[in-house]
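Residue numbers start from 1 in every chain, and the chains themselves are labelled A, B, ... in the order their sequence lines are given, proteins ahead of strands. All figures in this text were calculated on a predicted structure; none of them were measured in a lab.
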Protein chains: 2
Amino acid sequence: MSQFATIIDVAGRAGVSPSTVSRAFNHPRLLRPETVQRIHDIAQELGYIPNRHAKALSTGRTGAIGIVVPDITNPFFPPIIRQAQRVSEAMSYGVLVAESDNDPEREARQIEQLVPQVDGLILASPRQADEALVRTASSTRCVFLNRDVQGTARVLLSSGSALHTALGDLSAEGVVRVCYVGGPHRSWSNGERQEVVVQRGHELGMEVSLLQTTNGTYGEARDLAVNVVRAGAQAVIAFDDVVAHGILDGILASGARVPGEIRVLGCDDALPIQTHPRLSTIDMHGPLGVDRAMHMLLEAPGYPVPEERVVLQGQLQYRETT
Amino acid sequence: MSQFATIIDVAGRAGVSPSTVSRAFNHPRLLRPETVQRIHDIAQELGYIPNRHAKALSTGRTGAIGIVVPDITNPFFPPIIRQAQRVSEAMSYGVLVAESDNDPEREARQIEQLVPQVDGLILASPRQADEALVRTASSTRCVFLNRDVQGTARVLLSSGSALHTALGDLSAEGVVRVCYVGGPHRSWSNGERQEVVVQRGHELGMEVSLLQTTNGTYGEARDLAVNVVRAGAQAVIAFDDVVAHGILDGILASGARVPGEIRVLGCDDALPIQTHPRLSTIDMHGPLGVDRAMHMLLEAPGYPVPEERVVLQGQLQYRETT
DNA sequence: CCTTGACATGCAAACGCTTGCATGCCAGCG
DNA sequence: CGCTGGCATGCAAGCGTTTGCATGTCAAGG
């Protein structure tokens, strides 16, 4: 708010032209080393900080990237945002965070807002239809996290392999009736998980039933638990850890024993706390995923971001509920 | 990344000057209503989006506010960030989020980075020394959340009143030995909570012991639990819900019964899940707090933000651990 | 019919920075 | 000793907006 020193102040004090100061920061090798040094010293002394907006206006690059997530209070996302910021910081970019609240239209608006003020976009678990996303991808530098949009740059955190072996293990223990409790139905992860459970379950001769929450909250899941008990499921695989805990709570309340009578497997492993019994889950390596995504976004200078499809497999964490 | 329509394109198409287009958006009452309408229509059609950077450069206001938090993965903060974004959105501001990682120096750097690119700053639970914060406050429009910096605008989410009655209730139940398990020691909230527990405890003739985590993580707290058991505490009051759950876990593992032998009270009530037994805690109304803070920040146009000290009391949520 | 305002709009400078081009200097070469 | 070319730096235009001031028009009033 107060007056900041400008490039012109620095130039005046150093007895050089503004362009020289600019070059001292952006193309130092064009200048005599001692000039660069002197300018840096004076800049430091004056507390000069380049004005991002002026720079952006002049170069057409904003020096910021945007990340939009469906729900910032879902513990899966904060570590992802954190990692995005770490990478950005290392490359001296800023980060704009937006939340779509699981609403495709809101998501569209957020993206629209963001696009003109960033050099690139990370769209994490987007909720819009593929069609809209393809359009976005074609007019913006962006990479998707957890959404398999054809022809774009995307990184997918897959639970496929982990679920595959988990179901195998359950089957080996004699489990025959398994229930998948889904999360937000526009979620790619949810689709993938449900599909794997159904397919692999059938392969193993299991009887698989499906339940669905609408928002994936703890309360919803807890209320759903009676249904899994009633259905006689011997194992439930939940969309994520929040849903898993809701189910777990509901099951325990109904008097069934976990894992004795019913096993529970969650997903994400992002909760800051453990519970009793400690939840078995799948570590999805969210931060690793954004890390890849960020590098894809920032290292290819061209436009659009070249198509690439990287799949990272989550890792089974057996604890006490299986 | 592609070319956006500029004010000049719109002007050309509408047969008016660029300044008129600018006024159509910013001071429509200076123009004939039909002119405004025509310009809006054409802008819409051309997909014109004002360039924030140009605007910022020209007006000196960036149209963004910044919020810095110590740890985005602490469930207390995401709802706060969300609310800050909601308010910002309503006033058509953008939000820059930064994380200090509980490190005062990092926090200083983040603030320094942010200052030139925002119109105001929300500093949530800052970790720097008062001195540094005073300096920041004097050179920037900012309001503090959960830090009582003299002479500045600040909103404090206090657990004082809730703890006061909680201790009274415990005392009435015959509790004599109480233990406070602290969180990050640079945290104002931690200081307040500890102080209230000590004072009120003594008032009630209790014996209060103090334990301290360094980062307030679940694992640390769990490892500390043996000490509270060993000390013979009949109640533990924890810095926040994460610490409380760690303690709870540790206590249960040691064989003691909760709340039978030891009661546990947490703080924040921000976890997305419930556990068994359900944790008694204090709802701190974080979102309400930022809401106030944001309005203080955005509604007083002057500089600096006028001093104000608003205290919001948290609300006791008795559940099953007391 | 001329004057006076009010009103609607245009003009041009300014915001702070980047960058293509121009300039001036000096060393080395023929 | 005059050229050439490389190097370090300056000049000025341009990025997209905003806004104080100037301009032109028209209606009402004298």
Side-chain angles (χ1 to χ4, degrees), chain A residues 1-40 42-43 46-64 92 94 113 115-119 301, chain B residues 1-40 42-43 46-64 92-94 115-119 301:
Chain A
M1 287 292 100
S2 49
Q3 253 54 275
F4 293 102
T6 78
I7 217 175
I8 297 187
D9 302 329
V10 178
R13 198 85 138 57
V16 298
S17 79
S19 25
T20 302
V21 176
S22 172
R23 283 191 268 256
F25 285 100
N26 302 302
H27 311 281
R29 23 191 37 204
L30 290 180
L31 265 34
R32 266 202 348 265
E34 60 238 53
T35 312
V36 173
Q37 186 57 49
R38 187 159 43 95
I39 291 177
H40 278 148
I42 292 181
L46 260 45
Y48 167 72
I49 300 175
N51 181 316
R52 273 178 180 267
H53 302 290
K55 189 168 190 160
L57 186 54
S58 168
T59 61
R61 344 191 68 249
T62 67
S92 50
Q113 281 280 331
V115 163
Q117 45 183 330
V118 299
D119 293 335
Chain B
M1 288 291 99
S2 50
Q3 253 56 274
F4 293 102
T6 77
I7 217 175
I8 297 188
D9 301 329
V10 177
R13 199 83 139 56
V16 297
S17 80
S19 24
T20 301
V21 176
S22 171
R23 283 190 268 257
F25 286 99
N26 302 302
H27 311 282
R29 23 191 35 205
L30 291 180
L31 266 36
R32 274 212 331 273
E34 61 237 53
T35 311
V36 173
Q37 186 58 49
R38 186 159 42 97
I39 291 177
H40 278 150
I42 293 181
L46 259 47
Y48 166 72
I49 301 177
N51 181 316
R52 271 178 181 267
H53 302 290
K55 190 168 191 161
L57 187 54
S58 170
T59 60
R61 342 192 69 249
T62 67
S92 50
Y93 273 81
V115 163
Q117 44 182 329
V118 300
D119 293 335

Do A:Phe4 and B:Val115 pass the side chain to side chain contact (heavy atoms under 4.5 Å, CB included) test, and can you show the C-alpha distance, the side-chain angles, and the key distance before you say yes or no? CA-CA 10 Å; A:Phe4 293 102; B:Val115 163; 3.7 Å; yes
So for atom CD, which belongs to A:Gln117, do other residues, nucleotides or ligands contribute more than 12 heavy atoms lying within a distance under 6.0 Å? yes
Of residues 11-23 of chain B, the positions that come close to DNA chain D - non-hydrogen atoms, cut-off under 4.0 Å: B:Ser19, B:Ser22, B:Arg23
Covered region of DNA chain C, 5' end to 3' end, by chain B [heavy atoms, under 4.0 Å]: C:dA8 to C:dG16
Check against side chain to side chain contact (heavy atoms under 4.5 Å, CB included), A:Ile39 and A:Thr20: CA-CA 9 Å; A:Ile39 291 177; A:Thr20 302; 3.8 Å; yes
Quick one: are A:Val21 and A:Val16 in side-chain contact, heavy atoms under 4.5 Å? yes
Relative to the ring of B:Phe25, is the ring of B:His40 parallel (under 30°), tilted (30 to 60°) or perpendicular (over 60°)? perpendicular
Measuring from atom CG of B:Leu30 to atom OG1 of B:Thr35, what distance do you get when rounded to the nearest 0.5 angstrom? 11.5 Å
By a strict heavy-atom criterion of less than 4.0 Å, which residues belonging to residues 24-38 of chain A are in contact with DNA chain C? A:Asn26, A:His27
Give the minimum heavy-atom separation between B:Thr62 and B:Ala56, together with the two atoms involved. CA-CB, 3.9 Å
How many Å lie between CG on A:Leu57 and P on D:dT18, as a whole number? 12 Å
Counting only heavy atoms not in A:Arg38, do more than 12 fall under 6.0 Å of its CZ? yes
Donor-acceptor pair, A:Ser58 side chain versus A:Ala54 backbone, under 3.5 Å? no
Specify the separation, in whole Å, of atom CD1 of A:Ile7 and atom P of D:dC11. 14 Å
Just by modelled atom types, is the A:Pro116 backbone N or O under 3.5 Å from a matching donor or acceptor in the B:Arg52 side chain? no
